[in-house]
Structures are given as structure tokens and as C-alpha cells.
Amino acid sequence: MSVTTAREAGMVACHRCELVHNADQTTCRRCAAKLHSRKPQSIQRVWAWLIVGVIAYIPANLYPMLATRQLATTHEDTIVGGVVVLVEAGAYGIAAIIFFASVVVPLSKFGVIALLAWSVTRPSGLSRHSRVHLHEIIEFVGRWSMIDVFVVALLAALVQLGAAASVHPGPAAVCFALSVAFTMLSAQSFDPRLIWDQPESTAKDI
Amino acid sequence: MTLLACPSCDALHDVPDLRVGQRAYCLRCDRMLVSGRQTSLDRTLAMAFAVAILILFALFFPFLSIEELGFGNTTTLLGVAAAFLTGWLIPLTAAVTASIIAIPLMRVGFLVYALFPLWRGGAAPRHAARVFRWSEALRPWSMAEIFVLGSAVALVKVADLATIGFGPAFWAFCAAVVIIAFERQITDSASIWSILDDEK
């Protein structure tokens with residue numbers, strides 16, 4: 001199907017409020033956002049945020065997420081350790097939510113973002129439509145990874161029972177929150193228009 | 001007719017004015033471009049005020065309480081954010097406060113600032129469109145609903161070990177989250193943009 005893009009027509013659409021301007025404009029006349037035909041240095045920013053996101057994810061898994069003290073015994077749990085404890089306690093539903101939000105989503109996000117950034121710089125075997133869908137999914141799902149940080153915050157605030165039991169947050173919480181925020185910024189930096197800028201011959205499409 | 005470029009693929013479309021319930025999709029990438037919705041400043045503003053009142057209410061009342069072996073503890077929303085007030089976890093306190101309290105409140109504040117004068121029949125305030133843009137940009141960072149799901153998970157974790165009590169702040173916050181989700185469904189940002197455009 002042949003369509004004309006705003007860029008080909010000598011126009012630029014505001015990325016914030018979608019108002020269409022002539023390409024010589026630099027500021028949106030409606031919402032005052034800076035106008036760009038494509039997000040500036042999109043791919044560089046995607047890689048930069050992604051790399052710090054992956055780096056922060058390593059200590060997030062090595063350090064304890066929380067320390068639980070019951071009477072005289074204290075034990076510390078990492079993210080995966082916490083999931084194992086939940087499975088042993090028979091809380092499969094909760095274990096699945098935490099495992100999905102803290103392990104499956106972050107790891108697949110790293111992979112998908114890298115794949116998208118890689119795919120727009122060379123011929124890609126993935127169709128454009130499926131790449132657009134992948135981008136929409138990670139933009140939607142990524143922020144839900146923050147759930148484990150909130151679980152820890154609530155437990156640490158609530159379970160303060162003097163000598164009986166208490167919960168304290170561990171250093172992994174801050175690393176994990178940073179990793180989620182960095183990958184959100186990475187996904188936001190990706191400009192899906194780049195997928196469609198590739199010449200037809202190099203992108204398989206239906 | 002409105003000239004629109006698809007936000008996903010930059011394809012230009014001439015989109016006719018839609019009736020309520022109609023949707024326009026990009027011809028190339030199938031992304032939804034606009035949906036015809038009933039714009040109602042009444043409803044958007046009513047929901048903004050309701051969210052602000054509920055969150056402010058939730059700040060000053062007990063959120064959850066716990067009891068076990070004669071020991072008890074009650075926490076508030078601010079107490080939850082303050083859970084990270086130790087050592088190098090301190091920045092997380094700011095992040096949690098921002099994502100569950102400050103950003104949701106800022107978003108409704110921006111909406112009220114930009115739209116309330118219009119609703120009263122007056123002119124748009126200075127920089128109304130810019131302020132509405134900030135409100136839209138903050139959307140992904142407003143995480144109240146994720147916090148409520150996190151609370152549910154945390155509660156299931158401790159429910160076997162101790163007795164849990166729900167405070168009024170808990171219910172107020174849940175109500176705020178439901179209204180925020182509803183607001184997302186019914187607020188038609190495209191038509192708010194065009195209202196703000198007409199005001200220029």
C-alpha cells in the first residue's frame with residue numbers, strides 16, 4: 001500500500017499533541033513542545049538507557065530485596081529467592097505474579113528493546129507490524145515491573161511488630177527500581193517511525 | 001476533516017469528524033488514530049477533583065494495620081514511602097512518594113488548571129496547552145494502580161502470619177485508582193487538544 005508520510009509531504013507532526021506543521025517550524029504552535037520529524041538520536045538513547053538498565057538489573061538480583069526477622073532469626077531474600085520461598089509456602093499465584101513482573105518482564109524487555117533497536121539499522125526478518133506490536137506491548141507492560149518495589153515498601157512499613165517480627169528493605173530494591181525506570185526511558189526513546197523508514201525491499205512485509 | 005500523521009509510522013491521513021463510538025485506524029500500521037468520544041469537561045473535571053480529594057484524604061488516615069502476638073502497627077501512605085528512609089535507599093522514598101502520591105496529584109492539578117477556566121466559560125489560562133501536555137507526559141509515571149496491586153500481593157503474603165486491618169485511607173486510595181482508570185477511558189485527549197487550540 002502506498003501512503004505519504006508527513007516527512008515526505010514536507011510536514012512534521014508534534015509528538016506530544018499530534019498537530020501537523022510545516023517542516024520549517026521548530027516549536028509546536030499549540031502545546032509549545034519542540035518539533036522533530038523523528039525523535040533525536042533515538043537509537044543512541046535507546047542503547048544508552050538499555051545498557052544502564054541491564055547494569056542496574058545485576059545488583060538487583062545479587063543483593064537481598066528484603067530482610068525478614070521473626071523472633072531471633074533473620075533471613076534475607078533476593079528477588080528469585082523470594083519467589084522460591086513463596087512457591088515452597090504454596091502461594092503459587094503470588095509467586096507467579098512476582099516472577100513474571102520481576103524476572104520475565106524485565107528480561108524480555110531487554111531482549112525486545114535490543115531487537116527493535118538492532119532491527120532498524122539493518123535488514124530485519126521480522127515484519128514491521130510485529131515490531132510495532134512488540135513496541136506497544138513493552139511500553140504498556142514495562143511499568144508494571146515496579147510492583148515488587150511497592151510490595152517491599154508496604155511490607156517494610158507494615159510489618160514492624162517489635163520483638164515478634166519485622167521486615168526491612170534491602171539494597172536490591174533501589175537497583176531494581178532504577179533498572180525499571182531506565183528501561184522505561186529506553187522504550188520511550190525508541191521511535192517506531194524508524195521501523196517504517198526502512199526501504200520496502202529490506203523489510204519483509206505483508 | 002483533520003490532517004493527522006500516525007504517531008507510530010508518520011503516515012498522513014485526512015480524518016473525517018467521527019461520531020461517538022467510531023474509530024479511525026492508520027491505513028498502514030493499523031494503529032488507532034482517533035476515537036469519537038463524547039468530550040465532557042464536566043466529567044473530566046469532576047473526576048480530577050474526586051481523585052485529588054481521595055488522595056489527600058488518604059494521606060491523613062491510617063492505610064493498613066497489623067496485629068500479631070500482642071504487637072500491633074499501623075501505617076499510612078507516607079509511612080509506606082518512608083519505609084526506604086535508611087542509608088542509600090533514601091532516593092527510593094522520593095521515587096515512591098512521586099509515583100503514588102505527587103505525580104497523580106500533579107496530573108489532576110494540571111488538568112484543573114488548564115480546563116477549569118474553560119469549563120466556567122472563561123478564556124484558557126496562560127500556557128494551558130503546555131500544562132495539559134505535561135499532564136499527558138506524566139501518565140506513564142503515575143503508578144497508583146501498580147501500588148494497589150502491590151498492596152494486594154503484600155497482604156496475601158502476610159495474611160497467614162498476622163491479622164490485617166484496612167484503614168479508611170486504603171479504601172479511599174482504591175477508589176482514586178478506579179476513578180483514574182475510568183478517567184483514562186473517557187478522556188479524549190484529541191478533543192481536549194482541539195478545544196485548547198480553538199482558544200488560542
Side-chain angles (χ1 to χ4, degrees), chain A residues 1 3-7 9 11 13 15-20 29-33 37 86 89 91 93-94 97-98 128-129 132 135-136 139 143-144 146-165 168-169 171 173-174 177 181 184 188 192-193 195-197, chain B residues 3-5 7-12 27-31 64-66 68-73 75 79-84 86-89 91-92 95-96 99-100 127 129-130 132-133 136-137 140-141 143 146-147 149-151 153-158 160-162 189-190 193 196-197 200:
Chain A
M1 179 175 341
V3 290
T4 311
T5 64
R7 178 189 263 181
M11 289 186 230
H15 290 190
R16 295 299 188 175
C17 76
E18 302 183 7
L19 190 65
V20 180
R29 84 180 120 82
R30 179 156 68 187
C31 74
S37 182
L86 285 168
I94 301 289
I97 293 180
I98 298 294
R128 296 163 160 181
H129 280 96
V132 169
H135 184 241
E136 280 172 2
E139 281 240 87
R143 44 202 287 284
W144 284 91
M146 214 54 120
I147 190 167
D148 211 14
V149 175
F150 292 136
V151 171
V152 172
L154 193 75
L155 287 177
L158 188 61
V159 186
Q160 293 298 337
L161 295 169
H168 297 281
V174 75
M184 280 175 72
Q188 286 182 7
R193 297 168 190 85
I195 295 173
W196 302 90
D197 287 343
Chain B
L3 187 62
L4 273 182
S8 281
C9 76
D10 208 34
L12 272 180
L27 286 171
R28 181 160 72 167
C29 74
D30 295 334
R31 178 187 162 123
L64 288 168
S65 62
I66 188 172
E68 176 66 8
L69 300 175
F71 293 98
N73 182 41
T75 186
V80 173
F84 295 115
T86 48
W88 58 298
L89 293 176
L92 257 192
V96 171
S99 55
I100 66 175
H127 306 309
R130 190 190 299 239
F132 182 64
R133 160 162 66 87
E136 292 288 296
W141 303 98
M143 300 188 173
I146 302 173
F147 175 68
L149 189 63
S151 306
V153 169
L155 288 180
V156 176
K157 274 178 131 174
V158 288
D160 301 341
L161 313 168
S189 42
W193 283 122
L196 291 168
D197 205 22
K200 284 231 158 165

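The basis for the numbers below is simple: all heavy atoms, side chains too, and nothing from hydrogens, waters or symmetry mates. Throughout, protein chains are lettered first and strands after them, A, B, ... in sequence-line order, and every chain is numbered starting at 1.
- Considering all non-hydrogen atoms of both residues, A:Leu161 and B:Phe71 come closest at O-CG, 3.4 Å.
- The side chain to side chain contact (heavy atoms under 4.5 Å, CB included) check on A:Thr4 picks up A:Glu8, A:Ala9, with sequence neighbours excluded.
- Counting only distance, with no hydrogens or angles, the side chain of A:Arg16 and the backbone of B:Arg133 share no donor-acceptor pair below 3.5 Å.
- Per-residue heavy-atom pair counts under 4.5 Å with chain A were compared for B:Gly79, B:Pro7, B:Ala162, B:Ala5, and the maximum is reached by B:Pro7.
- Counting heavy-atom pairs closer than 4.5 Å to chain B, the top-ranked of the candidates A:Arg143, A:His135, A:Met11 is A:Arg143.
- In terms of non-hydrogen atom pairs under 4.5 Å with chain B, the most contact-rich of A:Gln188, A:Arg7, A:Glu136 is A:Gln188.
- Nearest approach of A:Val151 to B:Gly150, heavy atoms of both residues: CG2-O, 3.4 Å.
- With a 4.5 angstrom heavy-atom cutoff, B:Ala95 does not touch chain A via any of its atoms.
- In terms of heavy-atom pairs under 4.5 angstrom with chain B, the leader among A:Ala177, A:Ala165, A:Ala173, A:Ala89 is A:Ala173.
- Side-chain contact between B:Thr86 and A:His168: absent, with no pair of heavy atoms (C-beta onward) separated by less than 4.5 Å.
- Using a 4.5 Å cut-off on side-chain heavy atoms (C-beta onward), B:Leu92 and A:Val149 make contact.
- Contact of B:Ala82 with chain A is not made at all, since no heavy-atom distance falls under 4.5 Å.
- Between chain A and the options B:Leu64, B:Ile66, B:Leu4, the largest number of non-hydrogen pairs under 4.5 Å is found for B:Ile66.
- Chain B forms more heavy-atom pairs under 4.5 Å with one residue of A:Ala156, A:Ala13, A:Ala6 than with any other, namely A:Ala6.
- Remark: B:Cys9 SG to A:Asp197 CG distance equals 9.5 Å, nearest 0.5 Å.
- No other option in B:Val80, B:Leu155, B:Ile146, B:Asn73 has as many heavy-atom pairs under 4.5 Å with chain A as B:Ile146.
- Looking at B:Val153, the atoms closer than 4.5 Å to chain A (heavy atoms on both sides) sit in the backbone and in the side chain alike.
- Side-chain atoms of B:Trp193 and A:Arg30, non-hydrogen and from C-beta on, do get closer than 4.5 Å to each other.
- Neither the backbone nor the side chain of A:Ala91 comes within less than 4.5 Å of any heavy atom in chain B.
- Note: A:Val20 leads A:Ile98, A:Asp148, A:Val20, A:Val152 in heavy-atom pairs under 4.5 Å with chain B.
- Ranked by heavy-atom pairs under 4.5 Å with chain B, the list A:Pro169, A:Gly93, A:Ser37, A:Gly162 is led by A:Pro169.
- Of the listed residues (B:Ile100, B:Thr75, B:Leu89), the one with the most heavy-atom contacts under 4.5 Å to chain A is B:Leu89.
- Note: B:Arg28 CZ to A:Thr5 OG1 = 6.5 Å, rounded to the nearest 0.5 Å.
- Going from atom CE of B:Met143 over to atom CZ of A:Phe150 covers 6.0 Å, rounded to the nearest 0.5 Å.
- For A:Ala181, the parts lying near chain B are the backbone and the side chain together; criterion is any non-hydrogen pair under 4.5 Å.
- The contact between A:Ile94 and chain B is made entirely by side chain atoms (from C-beta outward), counting heavy-atom distances below 4.5 Å.
- In this structure, CZ in B:Phe147 is found 11.0 Å from CD1 in A:Ile147, a value given to the nearest 0.5 Å.
- The distance from atom CG of B:Asp10 to atom CH2 of A:Trp196, rounded to the nearest 0.5 Å, is 12.0 Å.
- Side-chain contact check for B:Glu68 versus A:Val159: every heavy-atom pair is 4.5 Å or farther apart.
- When heavy atoms are compared at a cutoff of 4.5 Å, A:Ile97 approaches chain B solely by way of its side chain, counted from C-beta outward.
- Taking the side chain to side chain contact (heavy atoms under 4.5 Å, CB included) definition, one finds that B:Asp30 meets it with A:His129, sequence neighbours left out.
- Only the side chain of B:Ser99 comes within contact range of chain A, with at least one heavy atom under 4.5 Å from a heavy atom of that chain.
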